[in-house]
Amino acid sequence: MNVLVTGGLGYIGSHTVVELIENGYNPIIIDNLGNSNITILDRLEKLTSKNIKFYKGDVRDKELLRKIFESEKIDSIIHFAGLKAVGESVEIPLNYYDNNIESTIALLEVMNEFKVFKFVFSSSATVYGDPEKVPIDENAKLGATNPYGRTKLFIEYILKDLYESNKDYNIAILRYFNPVGAHKSGLIGEMPNGIPNNLVPYVSQVANGKREYIRVFGSDYNTIDGTGVRDYIHVVDLAKGHILALKKLEEKCGLVIYNLGTGKGYSVLQVIKAFSKAVGKDLPYKFVERRKGDIAECYSDPTKAFRELGFKAEKTIDDMAKDQWNFEKNIK
Ligand code: NAD
Ligand code: UD1
């Protein structure tokens, strides 16, 4: 089965490519290298001992998409390609609307031309905005609080409208919670440019001596220890969720929506503790002001994905810290 993986050289896409190959699928990657590097392709080929078909280009380029659909017999699509930095989306919103929404529309149009109707979309827990209660299930109220989040929300509505117009589609919308960690080989992982925004890449750079101390954003939230709580999920568990979603599409499921999380929340201090254990030394941190726009607690109710997909995240917070550190310490 030929699966077109947009953004397949990125963080989650690259881990999913490995799982696809391990499960007998044939991934075909398109990526514009806007937030990735061609060396990831070599690493993926080394990891899987397979030649992987790669097209360098933009998903908004419909001519290129048509060329790919003509040359490869595409059965289904996993659409990871997109811009994902919340802060940046506030600074340059048009780039986010253009890249994320245009790429999805171009892809859906070309899929329709070639009568390919199976589509997996990378959504995010960000579509729940500031949740009314935790754990968050798929029926919770939606509402994004920044342009990045709104691109995800709009695309979800576009997919729902499209499905209403044509029931031939089988679409899985996957709402990821906080993906962290890396492949156990240490060959692929997340490589943020510049100063990381997210907690785990920041903590691993402190562990690596690239940054002096961790800034803990807020100590007075109404949580277990006053620091923010999130549902961290190992990226390899998340990647496996995509294989289960593809299998679900084979059952002609229509449009389905799943949370992909562990169902457990960890505080910032608990993450630092797990990381300190993996590194073998206490990592320095300081409490600073709350980060604007942050919420106290966000974690999933993962029961729907378990019931309907058989999805269950297996890896613990210690596995996430260990694999992240194994990757980080090998980055030159
Ligand atoms: P990433 O930036 O590592 O990967 C995205 C890849 O897509 C990159 O390789 C980039 O070069 C490519 N790309 C971007 N726009 C493109 C375009 N127009 N044409 C071709 N290639 C393009 O991000 P990631 O963390 O792997 O995230 C993958 C998807 O999952 C994104 O849609 C993101 O919004 C979503 N998501 C990520 C997280 C997270 O925390 N990482 C959480 C929830 C949802
Ligand atoms: C971020 C994104 C969100 C995205 C999610 C998953 C923002 C505002 N939101 O959410 O859209 O879906 O990632 O990738 O960027 N923290 C610190 N110090 C740091 C960094 C973070 O204390 O240096 C704290 C935060 O306050 C939060 C927790 O760590 O409590 C996790 O933060 P982060 O990794 O940025 O993820 P989210 O805020 O959940």
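In each ligand, atom 1 is the first atom listed, and ligand 1 is the first ligand listed. Values reported hereafter were calculated over all heavy atoms of this structure, with side chains retained and with hydrogens, waters and symmetry mates removed.
Residue contacts with ligand 1, taken as heavy atom pairs separated by less than 4.0 Å, do not involve Ala125 at all. No part of Thr227 comes within 4.0 Å of ligand 2, judged by heavy-atom distances. Contact annotation for Asn32 and ligand 1: heavy atoms of both the backbone and the side chain come within less than 4.0 Å of the ligand. With a 4.0 Å cut-off on non-hydrogen atoms, Thr6 does not touch ligand 1 at all.
Less than 4.0 angstrom separates some heavy atom of Ser36 from each of these atoms of ligand 1: 8 (C), 9 (O), 11 (O). Listed by number with element, the atoms of ligand 1 under 4.0 angstrom from any heavy atom of Tyr11 are 1 (P), 3 (O), 4 (O), 25 (O), 26 (O). Ligand 1 places these atoms under 4.0 Å from at least one heavy atom of Asp58: 17 (C), 18 (N), 19 (N), 20 (C). Which parts of ligand 1 touch Ala81 is read off a 4.0 Å heavy-atom cut-off, strictly below it: atoms 7 (O), 13 (N), 16 (C), 21 (N), 22 (C). Per-residue contacts place Val216 under 4.0 angstrom from the following atoms of ligand 2 (heavy atoms of the residue considered): 22 (O). The contact set between ligand 1 and Gly57, taken as ligand atoms under 4.0 Å from a residue heavy atom, comprises 19 (N), 20 (C). Ligand-side atoms of ligand 2 in range of Thr126: 11 (O), 12 (O), range being under 4.0 angstrom from any heavy atom. Of all atoms in ligand 1, numbered sequentially from 1 with element shown, those under 4.0 Å from a heavy atom of Ser122 are 29 (C), 30 (O), 32 (O), 35 (C). Under a 4.0 Å criterion applied to the non-hydrogen atoms of Gly7, ligand 1 contributes the atoms 6 (C), 7 (O), 12 (C). Ligand 1 places these atoms under 4.0 Å from at least one heavy atom of Leu33: 11 (O). Atom numbering of ligand 2 starts at 1 in the shown order; those under 4.0 Å from a heavy atom of Asn197 are 20 (C), 35 (O).
In terms of protein heavy-atom proximity, atom 37 (C) of ligand 1 is closest to Ile12 CD1, 3.7 Å. The shortest contact between atom 16 (N) of ligand 2 and any protein heavy atom is with Phe217 CD1, 3.5 Å. Closest protein heavy atom to atom 14 (O) of ligand 2: Pro179 CD, 4.1 Å. In terms of protein heavy atoms, atom 11 (O) of ligand 1 is closest to Asp31 OD1, 2.7 Å. Of all protein heavy atoms, the one lying nearest to atom 7 (C) of ligand 2 is Val86 CG2, 3.5 Å. Scanning the protein for heavy atoms near atom 4 (C) of ligand 2, the closest one is Ser124 OG, 4.3 Å. Scanning the protein for heavy atoms near atom 39 (O) of ligand 2, the closest one is Arg230 NE, 2.6 Å. Of the protein's heavy atoms, Phe80 O, 3.5 Å lies nearest to atom 28 (C) of ligand 1. Of all protein heavy atoms, the one lying nearest to atom 1 (C) of ligand 2 is Asn198 ND2, 3.5 Å. Atom 19 (N) of ligand 1 has its closest protein heavy atom at Val59 N, 3.0 Å. The protein heavy-atom contact nearest to atom 26 (O) of ligand 2 is Asp294 OD2, 2.6 Å. The nearest heavy-atom contact from the protein to atom 32 (O) of ligand 2 is Arg291 NH2, 3.5 Å.
Judged by a 6.0 Å distance limit and a 45° cone about the ring axis, Arg215 is not positioned over the six-membered ring of Tyr285.
Taking every heavy atom of both residues into account, Val206 and Pro284 meet most closely at CG1-CD, 4.0 Å. Nearest heavy atoms, Ile155 versus Asn100: CD1-O, 3.4 Å. The two residues Tyr148 and Lys84 have their closest heavy-atom pair at CE1-CA, 3.5 Å. Across Gln205 and Arg211, no two heavy atoms sit closer than the pair OE1-NE, 2.8 Å.
Between the side chain of Asp231 and the main chain of Thr262, a donor-acceptor pair closer than 3.5 Å is present. Looking at Asn198, its side chain never comes within 3.5 Å of a backbone N or O of Val200 through a donor-acceptor pair. A donor-acceptor contact shorter than 3.5 Å links the side chain of Asn208 to the backbone of Glu328.
Here the shortest heavy-atom distance to atom 5 (C) of ligand 1, taken over Gly82, Ser14, Pro179, belongs to Gly82. For atom 5 (C) of ligand 2, the choice among Val288, Asn178, Val268, Ile233 with the nearest heavy atom turns out to be Asn178. Distances from atom 30 (O) of ligand 2 to the heavy atoms of Gly293, Gly87, Gly228 put Gly228 nearest.
In terms of polar-atom proximity, Leu9 is not counted as a contact of ligand 1, lacking any N or O under 3.5 Å from an N or O of the ligand. Remark: ligand 2 and Tyr148 share no N or O pair separated by less than 3.5 Å (distance only, no angle test). At a 3.5 angstrom cut-off on N or O pairs, Lys152 counts as close to ligand 1. Geometrically, ligand 2 and Ile295 share no nitrogen or oxygen pair separated by less than 3.5 Å. On a distance-only criterion, Tyr202 and ligand 2 share no N/O pair closer than 3.5 Å.
Between Glu63 and Arg66 a salt bridge is recorded (basic side-chain N to carboxylate O distance below 4.0 Å). Ion pairing of Glu250 with Lys247 is absent here, as no side-chain N (NZ or NE/NH1/NH2) approaches a carboxylate O to less than 4.0 Å. With respect to the salt-bridge test (charged N to carboxylate O, under 4.0 angstrom), the residues Asp294 and Arg291 qualify.
Contact between Tyr232 and ligand 2 is present, with at least one heavy atom of the residue lying under 4.0 Å from the ligand. Heavy atoms of Ala125 stay at 4.0 angstrom or farther from ligand 2. Contact analysis leaves Gly8 out of contact with ligand 1, as no non-hydrogen atom separation drops below 4.0 angstrom.
For an aromatic pair to be called close, the ring centres must be under 6.0 Å apart, and Tyr163 with Tyr169 fails this. Here His242 and Phe311 keep their ring centres 6.0 angstrom or further from each other.
Counting heavy-atom neighbours within 6.0 Å of Ile224 CD1, excluding the residue itself, gives a total of 12 or less. The number of heavy atoms from other shown groups lying within 6.0 Å of NZ (Lys264) does not exceed 12.
Judged purely by distance below 3.5 Å, without hydrogens or angles, the side chains of Asp318 and Thr316 never pair a donor atom with an acceptor atom. For the residue pair Thr223 and Glu297, no side-chain donor N or O sits within less than 3.5 Å of a side-chain acceptor on the partner. Between the side chains of Asp323 and His183, not a single donor N or O lies within less than 3.5 Å of an accepting N or O. When only modelled atom types and interatomic distance are considered, Tyr258 and Glu308 share a side-chain donor-acceptor pair under 3.5 Å.
Annotation: side chain of Val17 is not in contact with side chain of Ser14 (no heavy-atom distance under 4.5 Å). Counting heavy atoms from C-beta on, the side chains of Ile74 and Ile28 come closer than 4.5 Å.
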